[in-house]
Amino acid sequence: MANADPPRVVAVLYPETDAPYRQLFAEILGGIERGLPAETVRAHALPAAPDAVALRRWLDQEAPVVVVTLGRVPTETYEHLGRKTPQVIGALDASPQTRPNVAGVGLAVDPALLFATLQQLAPAKRRVWVVFNPAYDRWLMDLARTAATARGLELEPLEAGDLRESARQFLHVLKTADPTTDALWLVADAGIIDSQTILPLVIEKSWQRRLPVFSNSFAHVKRGVLFALYPDNISLGRRLAELSLQALRTPDARAGVEVLRAVKRALNLKVVGHLELDVPPDIERQFDLVLPVW
């Protein structure tokens with residue numbers, strides 16, 4: 001009897017990090033391994049300044065059929081090697097605009113999931129404002145417009161190319177928006193909303209006006225936004241595994257970075273109380289993390 005073919009190797013490149021990020025990448029890796037039970041998953045950590053020669057030698061030795069790159073350094077390092085092995089990217093702020101020919105999952109949460117959660121918590125809202133950089137997220141606004149229309153919402157996207165322009169646009173929103181019918185969506189773009197200047201401004205002014213703010217950053221919900229959707233790392237790993245198998249089955253198929261749908265949800269009860277929202281206990285229990293009033 002002929003010997004069975006050995007399992008195919010899927011390589012995963014991830015950054016060397018300290019806690020708590022080390023746990024994040026460990027969870028994604030665990031999801032990838034669970035999603036590829038018939039393959040051999042080989043993980044390789046890269047330092048901040050990787051040795052490209054050593055990495056090339058390791059890849060030659062492992063001979064992977066797909067390479068999954070997590071984070072900026074592994075993704076850029078692998079891209080610079082110029083290898084032909086199919087690549088799947090994750091844990092990176094990527095989009096079809098920035099990486100048009102690569103399969104993967106970006107950090108941008110599916111707008112349809114965000115809008116569904118908003119209407120669950122605040123069904124009276126009719127308009128959603130958002131500030132975005134058209135160089136990176138025009139594709140996301142196209143998805144958001146479709147998702148908003150499907151839910152009877154009006155989307156008000158405002159363009160900004162840097163933090164100065166972003167501040168001006170946010171001040172316009174915070175002055176113009178009607179708190180009874182409007183809400184503000186914060187996208188995952190540090191070039192548009194940073195934690196030192198823009199985020200404190202948005203939190204303070206929105207609190208004063210009782211304007212609901214939601215985000216796809218867990219850090220934002222701890223700072224004072226109403227709710228956030230953020231990565232479910234194990235489920236994200238499973239999705240990256242699915243994309244790896246797709247790359248093997250149909251290597252010539254058109255690839256693309258997709259929105260994040262493997263998410264968890266966090267709710268800030270202090271903001272719920274401040275906005276005087278009526279959130280029933282059964283709705284509250286549907287969130288993965290609930291920040292208490294105090």
Side-chain angles (χ1 to χ4, degrees), residues 9-18 20-33 35-36 39 41-109 133 135-137 139-140 187-191 216-217 230-248 251 253-263:
V9 172
V10 173
V12 181
L13 307 180
Y14 67 98
E16 288 182 353
T17 56
D18 297 325
Y21 296 105
R22 184 188 297 116
Q23 180 63 23
L24 178 156
F25 289 108
E27 290 174 355
I28 297 174
L29 179 59
I32 294 172
E33 291 173 337
L36 296 172
E39 322 301 330
V41 177
R42 302 287 193 205
H44 187 71
L46 295 181
D51 183 338
V53 173
L55 175 59
R56 186 179 288 107
R57 188 183 308 117
W58 182 82
L59 290 169
D60 288 341
Q61 176 183 323
E62 297 293 343
V65 290
V66 176
V67 177
V68 180
T69 61
L70 304 177
R72 181 183 60 81
V73 169
T75 298
E76 293 179 353
T77 302
Y78 182 74
E79 288 172 341
H80 291 156
L81 294 181
R83 298 175 77 95
K84 301 300 183 183
T85 305
Q87 179 186 11
V88 175
I89 65 175
L92 180 69
D93 189 11
S95 77
Q97 286 179 239
T98 60
R99 284 180 166 81
N101 299 312
V102 179
V105 181
L107 295 181
V109 172
N133 188 334
Y136 300 105
D137 283 333
W139 71 285
L140 184 61
V187 298
D189 182 351
N216 45 232
S217 169
Y230 59 99
D232 179 336
N233 296 320
I234 294 175
S235 296
L236 170 58
R238 287 182 177 274
R239 179 56 185 159
L240 295 173
E242 291 175 359
L243 293 174
S244 299
L245 292 175
Q246 288 180 18
L248 286 175
R254 188 172 183 276
V257 176
E258 62 186 37
V259 287
L260 178 66
R261 299 184 180 93
V263 296

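Bear in mind that the values here come from a model prediction, so they are computed numbers and not experimental data. Nothing fancy with the numbering, it's 1 onward along the sequence.
Annotation: the span from Ile28 atom CD1 to Gln23 atom CD amounts to 10.5 Å, rounded to 0.5 Å. Between the CD1 atom of Ile234 and the CG atom of Leu29 there is a distance of 11.0 Å, given to the nearest 0.5 Å.
Take Ser235 and apply the side-chain hydrogen bond (donor to acceptor under 3.5 Å, both in side chains) test, not counting sequence neighbours, and it matches Asp232. Every residue meeting the side-chain hydrogen bond (donor to acceptor under 3.5 Å, both in side chains) condition with Asn233, not counting sequence neighbours, appears here in chain and number order: Glu27. Taking Tyr230 as the reference, Phe218 meet the ring pair (Phe, Tyr, Trp, His ring centres under 6.0 Å) condition, with sequence neighbours excluded. Take Ala45 and apply the side-chain contact (heavy atoms from CB on, under 4.5 Å) test, not counting sequence neighbours, and it matches Tyr14, Glu16. Contacts of Glu39 classified as side-chain contact (heavy atoms from CB on, under 4.5 Å), with partners at least two apart in sequence or in another chain: Arg8, Val10, Leu36, Leu245. Evaluation of the salt bridge (charged side-chain N to carboxylate O under 4.0 Å, His left out) rule for Glu258 yields Arg239 as partners, not counting sequence neighbours.
Heavy atoms only, all atoms of each residue included: Leu236 and Ala262 are closest at N-CB, 3.6 Å. Smallest separation of non-hydrogen atoms from Tyr136 and Thr98: CD2-CG2, 3.4 Å. Smallest separation of non-hydrogen atoms from Ala247 and Pro86: CB-CB, 4.1 Å. Across Trp139 and Ala94, no two heavy atoms sit closer than the pair CZ2-O, 4.4 Å. Taking each heavy atom of Val257 and Gly106 in turn, the nearest pair found is CG1-N, 3.5 Å.
Screening residues 89-100 for salt bridge (Lys or Arg N to Asp or Glu O under 4.0 Å), with sequence neighbours left out, gives Glu79-Arg99. Applying the side chain to side chain donor-acceptor pair (under 3.5 Å) definition to pairs two or more places apart or across chains, none involves residues 49-59.
At a threshold of 4.5 Å between non-hydrogen side-chain atoms, the residues Pro50 and Thr77 count as touching. A heavy-atom distance below 4.5 Å is not found between the side chains of Leu260 and Asn216.
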List the atom pairs, donor and acceptor, that lie under 3.5 Å between side-chain atoms in residues 59-74 and the rest of the protein, sequence neighbours left out.
{"unit_1": "Asp60", "atom_1": "OD1", "unit_2": "Arg83", "atom_2": "NH1", "d": "3.2"}
{"unit_1": "Asp60", "atom_1": "OD1", "unit_2": "Arg83", "atom_2": "NH2", "d": "2.9"}
{"unit_1": "Glu62", "atom_1": "OE1", "unit_2": "Arg42", "atom_2": "NE", "d": "3.3"}
{"unit_1": "Thr69", "atom_1": "OG1", "unit_2": "Thr75", "atom_2": "OG1", "d": "2.9"}
{"unit_1": "Thr69", "atom_1": "OG1", "unit_2": "Gln87", "atom_2": "NE2", "d": "3.1"}
{"unit_1": "Arg72", "atom_1": "NH1", "unit_2": "Glu76", "atom_2": "OE1", "d": "3.3"}

Original post:
Where do Ile89 and Tyr78 land on the side chain to side chain contact (heavy atoms under 4.5 Å, CB included) test, with the steps shown first?
Top reply: CA-CA 10 Å; Ile89 65 175; Tyr78 182 74; over 6 Å; no

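A donor-acceptor pair under 3.5 Å is formed between the side chain of Gln97 and the backbone N or O of Ala135.
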